[in-house]
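Worksheet for the structure shown next.
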Amino acid sequence: MRLSRSARRGLTGGSLIFAAILAGPLLVSGCGSTIEGKPVAGPGAGPSEPSFPTPRQAPTLSPPSAIPGPTSAPPSAPVGPPTPAGAIPLPPDQNGYVFIETKSGVTRCQINKDTVGCEAPFTNSPLQDGEHANGVSITSSGAVQWVLGNLGAIPTVTIDYKTYDAQGWTIKATEAGTSFSNDHTGHGMFVSVEKVNTF
């Protein structure tokens with residue numbers, strides 16, 4: 001059987017590729033070697049590394065009273081001003097609101113960190129859409145808003161004539177009315193049916 005010149009070249013090229021594939025692992029394995037011994041720098045190769053003796057100390061035993069115990073971080077300071085002395089804390093609901101009703105049952109309020117809003121049959125409130133507003137709110141920055149509305153069926157806590165703390169507001173309830181003062185800014189309002197004073 002006679003092969004053409006191009007077929008012979010193809011076989012020769014294929015043989016070379018096949019030979020290279022077979023020789024590859026042999027060439028790679030010949031590239032790695034390990035020489036036993038300790039490297040020594042020749043003259044003029046730079047200063048040798050200094051050697052330092054390793055200090056060894058005999059172990060000492062301390063009496064049990066001298067062994068330090070675990071340390072704990074000091075308690076962190078509360079954020080913001082402290083609750084006024086003697087103030088009764090009113091915990092917020094899961095949404096951050098506290099709902100109160102005055103002892104008289106006439107005024108109801110909702111309180112969160114930013115705003116206090118109260119509803120009452122105010123006698124001297126401004127007109128809103130031709131009617132006297134029955135709601136007033138103040139923000140911690142002192143912005144006041146009168147509204148017509150209804151707080152709805154809120155789960156109020158009836159407060160007595162005492163001092164309370166709710167969401168950063170100090171609440172002082174008296175027979176004359178109820179004042180709300182923001183502990184951070186000092187802004188707030190005094191609320192009674194006859195008058196509302198803001199500060």
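Within the model, atoms SG of Cys109 and CZ of Phe99 stand 11.5 Å from one another, a figure rounded to the nearest 0.5 Å. With values rounded to the nearest 0.5 angstrom, Thr163 atom OG1 is found 8.0 Å from Ile88 atom CD1. Separation of atoms CD (Gln145) and OG (Ser137) is listed at 5.0 Å; rounding is to 0.5 Å. Here the CZ-OG1 distance, from Arg108 to Thr102, works out to 10.5 Å after rounding to the nearest 0.5 Å. Summarising the geometry, atom NZ belonging to Lys113 is positioned 12.0 Å from atom CG belonging to Asp183; distances are rounded to the nearest 0.5 Å.
Shortest non-hydrogen contact noted between Ser181 and Gly186 is OG-O, 3.9 Å. Listed here is the closest heavy atom pair of Ala133 and Ser125: O-OG, 2.7 Å.
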task: For side chain to side chain contact (heavy atoms under 4.5 Å, CB included), just list the numbers for Val116 and Val191, CA-CA rounded to whole Å, side-chain angles, deciding distance to a tenth of an Å, and then say yes or no.
output: CA-CA 11 Å; Val116 173; Val191 177; over 6 Å; no

From CA spacing to verdict: side chain to side chain contact (heavy atoms under 4.5 Å, CB included), Leu90, Ile100: CA-CA 9 Å; Leu90 297 173; Ile100 63 167; 3.8 Å; yes

query: Can you check side chain to side chain contact (heavy atoms under 4.5 Å, CB included) on Thr178 and Lys172, steps first, answer last?
result: CA-CA 6 Å; Thr178 307; Lys172 292 182 181 176; over 6 Å; no

query: Which is it for Thr139 and Asp114 under the side chain to side chain contact (heavy atoms under 4.5 Å, CB included) test, yes or no, and what are the steps along the way?
result: CA-CA 6 Å; Thr139 65; Asp114 300 318; 5.8 Å; no

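Of the possible donor and acceptor atoms, none in the side chain of Ser192 sits under 3.5 Å from a partner among the backbone N and O of Gly177. A donor-acceptor contact shorter than 3.5 Å is absent between the side chain of Trp169 and the backbone of Tyr164. Under a 3.5 Å cut-off, the side chain of Gln167 and the backbone N or O of Val98 do not form any donor-acceptor pair. Side chain of His187 to main chain of Phe199: a donor-acceptor pair is present (N/O by atom type, distance under 3.5 Å, no hydrogens or angles).
Tested against Met189, the residues Asn182, Asn197, Val136 include a single side-chain contact (heavy atoms from CB on, under 4.5 Å) partner, Val136.
Within a 6.0 Å radius of CG in Asn95, more than 12 heavy atoms belonging to other residues, nucleotides or ligands are found. Other residues, nucleotides and ligands contribute only 12 or fewer heavy atoms inside 6.0 Å of the OH atom of Tyr97.
Contact of the Ile111 side chain with the Phe180 side chain is registered, since non-hydrogen atoms from C-beta on lie closer than 4.5 Å. In this structure, Pro121 and Val106 have side chains that are in contact, with non-hydrogen atoms separated by less than 4.5 Å. Side-chain contact between Lys195 and Phe190 is present, with heavy atoms from C-beta onward closer than 4.5 Å.
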Exercise answer: donor-acceptor pairs, residues 146-162 side-chain atoms, under 3.5 Å, sequence neighbours excluded:
unit_1, atom_1, unit_2, atom_2, d
Asn150, OD1, Gly152, N, 2.7
Thr156, OG1, Glu101, OE1, 3.2
Asp160, OD1, Lys103, NZ, 3.1

